There are 2 protein chains.
Amino acid sequence: MAGAVTVRDVARLASVSASTVSRALSASNLVAPHTRDRILAAAAQLGYSVNTSARGLITGRTSNFGLVVPDLENPYFASVTKGVQGRALSEGYAVFVADSDEDVRAEIELVRKLASQVDGLILCSPRMSDEDLGQIARDTTMVLINRRLPQVDSITVDDTEIVRQALGHLYALGHRTVSYAGGPATSWSDSQRRNGIRLALTDLPGLEVVSIGSFPPVFDGGLSAADLAAASGATAVLAYNDLMALGILSRLQARGIRVPEQMSVVGIDDVSAATLVSPALTTVRAPLRKVGTAAVDALIDRILPERRDLPPEALPIHLMIRDSTSVPHRSAVPLTSREDAGLNERSSNAKQ
Amino acid sequence: MAGAVTVRDVARLASVSASTVSRALSASNLVAPHTRDRILAAAAQLGYSVNTSARGLITGRTSNFGLVVPDLENPYFASVTKGVQGRALSEGYAVFVADSDEDVRAEIELVRKLASQVDGLILCSPRMSDEDLGQIARDTTMVLINRRLPQVDSITVDDTEIVRQALGHLYALGHRTVSYAGGPATSWSDSQRRNGIRLALTDLPGLEVVSIGSFPPVFDGGLSAADLAAASGATAVLAYNDLMALGILSRLQARGIRVPEQMSVVGIDDVSAATLVSPALTTVRAPLRKVGTAAVDALIDRILPERRDLPPEALPIHLMIRDSTSVPHRSAVPLTSREDAGLNERSSNAKQ
DNA sequence: TTGTAAGCGTTATCAC
DNA sequence: GTGATAACGCTTACAA
């Protein structure tokens, strides 16, 4: 799009050959400082900028990455995208961003389309099947986020630990029946979290977790989940992510169910929107931008000839629990005492 | 990145020449249906995908667009990006997305970097000066969003109308002193809105609008603005955008100032986060995704040889006022009666 | 340290 | 309707 200035033009003005111009511009120090300066000046004067198509044709590299996310309007993916974009740029890569709109077909299509014009691909929370993913992985340099697949580098957060902390928090507050509002059935993170729930249960005697279903991982999904949570008999609800938690908050309030007095709500991720509400959402923070930057680093490691086959990386999470939408259950008992089934009824009979 | 399969390989397998393969793949109907099918089959069998660098080198076009936004984590820009990305894709373009982090230097850098490898650029709410912008516009095919510049296509919303509706709404509710929490001083939209305020004042006798400053167009900016709004003597506050409005909401609540009873709050844009809070934010909706799709359409119009030099386009806004964070002022008077300065004191003296 | 020359994979031009 | 051939702008042996 820029000017039709070529290396030959610069070469002519600087009284050198085209190859010397090329060398001077490729950050090579194979050129005499004096000549180099002259070339750079000529290039600047002419407003030269390299034709990336021509360079890519001969080098076989594009200096571009592709990123595919399920939904840019989901603040989770917006943050990851910001992380990816920032790091890629500082490493000299531009980033194609594609939004699959949570659609598996579109996702596969986008990946195929982008794969042919980038040096590497980052797939964030891909919804496609392991088979499709594996097939693509065969001839594509890529890094996964929130998904694991043999032979493929991936960045994940410790979902088991997230769930353990969320449930441990509620347990410590005296909650013994907690409902879980799950994310998309095709979401790897959701299955990880359900596993995490199973593991956590062994450490938390007397705790019961009721799954109330799978929902779209957004605000509206939370709206749907809220009524089921209210009917589940649970005193607290853990949502697949913050957006759902906010939807649950909204619906519960609309129904006159007070949070946190009557129902505690805990989200996951600590997306930017979690602090936009009052009271602020209790949530377990995941390092969203860092997930993005780590993915870029892993991708570059894959491309460079030196390092290879990094082990899958799980980023640590932060304890980021806010006591605003979660409080001690009214039947709260010290952690050391055993469960007393009678407590619930008694306290609910007591006026004030 | 894909296989090293070239047109020659496909040509050999289909027993035709490379040129014919090229024609068959370029959606040309200059090739016999029978031959075409054979070629397509061969291409599929070999897993051929065109080398975009080689194509770009000869055609001079990349089929790529660039989009530069100030902040991907701002839901406003996330929505616009989603709109751009979706439309571009369906028109056969991939999109480089770049985030300037609200930094003018970075913005200029990004634009220069992307300009050389795309067919056109979309600059959303650019923060750079008119001079810098004009210089870039000279040798760049581009479309602006939320900014006007002579000779450059641009997509904007009707800021004057937005402000008129927001202030008209508050005025109808009886508010006579409204504070305005402005956006970045370098924001064209903000200056448009300040103009809009001046215009609106002539239609709303007795209305006073107090500017309380310029703030970062995000939640934290609203936090800063809230105290000034509270001290301004106004009974309502209009924020530059929804994120700031949410910040104002949060800070007012933290200070024990009840919304909307003691202070009405109105935002602008109706970003997705506006409905995440309870009560839902009163706001004037802008068609965010449509802004993005319209920008792509304008860009394509610029590129295609046929149409050219479209007049700047201003997208209509929607009346989307929610009566949750804005209510009648306690000194509300019918629109037909004139101002009565005594009302305020009387009502504030009345107990209950 | 610099120049010469070849060639990357594709499409456009021009024959046939 | 199809095939040769040249050319796009650049990088990289290889030579000097």
Side-chain angles (χ1 to χ4, degrees), chain A residues 1-43 46-64 92 115-119 139 305, chain B residues 1-43 46-64 92 115-119 139 305:
Chain A
M1 207 176 66
V5 184
T6 76
V7 279
R8 305 186 73 93
D9 298 321
V10 178
R12 201 173 305 125
L13 182 57
S15 309
V16 293
S17 74
S19 40
T20 306
V21 173
S22 173
R23 278 187 281 256
L25 266 39
S26 297
S28 301
N29 39 10
L30 302 162
V31 104
H34 175 66
T35 328
R36 202 183 113 89
D37 292 345
R38 202 151 33 95
I39 291 172
L40 261 41
L46 265 44
Y48 170 82
S49 73
V50 59
N51 180 320
T52 55
S53 293
R55 168 179 285 176
L57 178 56
I58 187 122
T59 62
R61 289 176 301 96
T62 62
S63 290
N64 294 151
S116 68
Q117 54 182 327
V118 298
D119 295 344
D139 44 31
Chain B
M1 207 176 65
V5 184
T6 76
V7 279
R8 304 187 75 92
D9 299 321
V10 178
R12 202 174 304 124
L13 181 58
S15 308
V16 293
S17 75
S19 344
T20 307
V21 172
S22 174
R23 278 188 282 257
L25 265 39
S26 297
S28 301
N29 39 10
L30 302 162
V31 106
H34 176 65
T35 328
R36 202 183 113 88
D37 292 346
R38 203 151 34 96
I39 292 171
L40 260 43
L46 266 44
Y48 170 82
S49 73
V50 60
N51 181 320
T52 54
S53 293
R55 169 179 285 175
L57 178 55
I58 186 98
T59 62
R61 288 176 301 98
T62 63
S63 291
N64 295 149
S116 68
Q117 52 183 326
V118 298
D119 294 345
D139 43 29

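In what follows, chains carry the letters A, B, and so on, assigned in the order in which the sequence lines appear, proteins first and then strands, with residues in each chain numbered from 1. Just so it is clear, the structure is predicted and the values come from calculations on it, not from any experiment.
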Below 3.5 Å between N/O atoms, which protein atoms pair up with nucleotides 1-3 of chain C? Just atom names and distances, please.
| from | atom 1 | to | atom 2 | distance (Å) |
| --- | --- | --- | --- | --- |
| C:dT2 | OP1 | A:T35 | OG1 | 2.3 |
| C:dT2 | OP2 | A:A32 | N | 2.7 |
| C:dT2 | OP2 | A:T35 | OG1 | 3.4 |
| C:dG3 | OP2 | A:S17 | N | 2.8 |
| C:dG3 | OP2 | A:S17 | OG | 3.0 |
| C:dG3 | OP2 | A:T20 | OG1 | 2.6 |
| C:dG3 | N7 | A:R23 | NH2 | 2.8 |
| C:dG3 | O6 | A:R23 | NH1 | 3.1 |

Checking A:N51 now: which residues fulfil side-chain contact (heavy atoms from CB on, under 4.5 Å) with it, not counting sequence neighbours?
A:S53, A:A54, B:L57
Polar side-chain atom of B:D119 near backbone of B:S63 as donor-acceptor pair, under 3.5 Å:
yes
Going by the rule side-chain contact (heavy atoms from CB on, under 4.5 Å), which residues pair with A:L46 if we only count those two or more places apart in sequence or in a different chain?
A:V5, A:D9, A:V10, A:L13
Using rotation axes that map the C1' atoms of four end pairs onto the next four (five pairs an end), what angle separates the end axes of the helix from C:dT1-D:dA16 to C:dC16-D:dG1, to 10°?
30°
Decide side chain to side chain contact (heavy atoms under 4.5 Å, CB included) for B:L25 and B:Y48; before the verdict, give the C-alpha distance in whole Å, the side-chain angles of both, and the deciding distance to 0.1 Å.
CA-CA 11 Å; B:L25 265 39; B:Y48 170 82; 3.2 Å; yes
Protein-nucleotide distance (B:R8, atom CZ; C:dT10, atom C1'), rounded to Å:
11 Å
With sequence neighbours excluded, tell me which residues meet side chain to side chain donor-acceptor pair (under 3.5 Å) with A:S17.
A:S19, A:T20
Measure from CD1 on B:I39 to C1' on C:dT11 and round the result to the nearest Å.
14 Å
Between which nucleotides of DNA chain D, 5' to 3', does chain B make heavy-atom contacts below 4.0 Å?
D:dG1 to D:dG9
Rounded to the Å, how far apart are A:I58 CD1 and C:dT10 C1'?
14 Å
Taking only residues two or more places apart in sequence or in another chain, which ones pass side-chain contact (heavy atoms from CB on, under 4.5 Å) with A:A18?
A:V7
Drop me the distance from B:T6's OG1 to B:R8's CZ, to the nearest 0.5 angstrom.
7.0 Å
Are any non-hydrogen side-chain atoms of A:I39 and A:V16 less than 4.5 angstrom apart?
yes
If I take atom CZ in residue A:R61 and atom C1' in nucleotide C:dG9, what distance separates them, rounded to the nearest angstrom?
17 Å
Contacts of B:I58 meeting side-chain contact (heavy atoms from CB on, under 4.5 Å) (sequence neighbours excluded), chain-then-number -> none
Nearest 0.5 Å, what's the OG1-CD distance between B:T62 and B:Q117?
8.0 Å
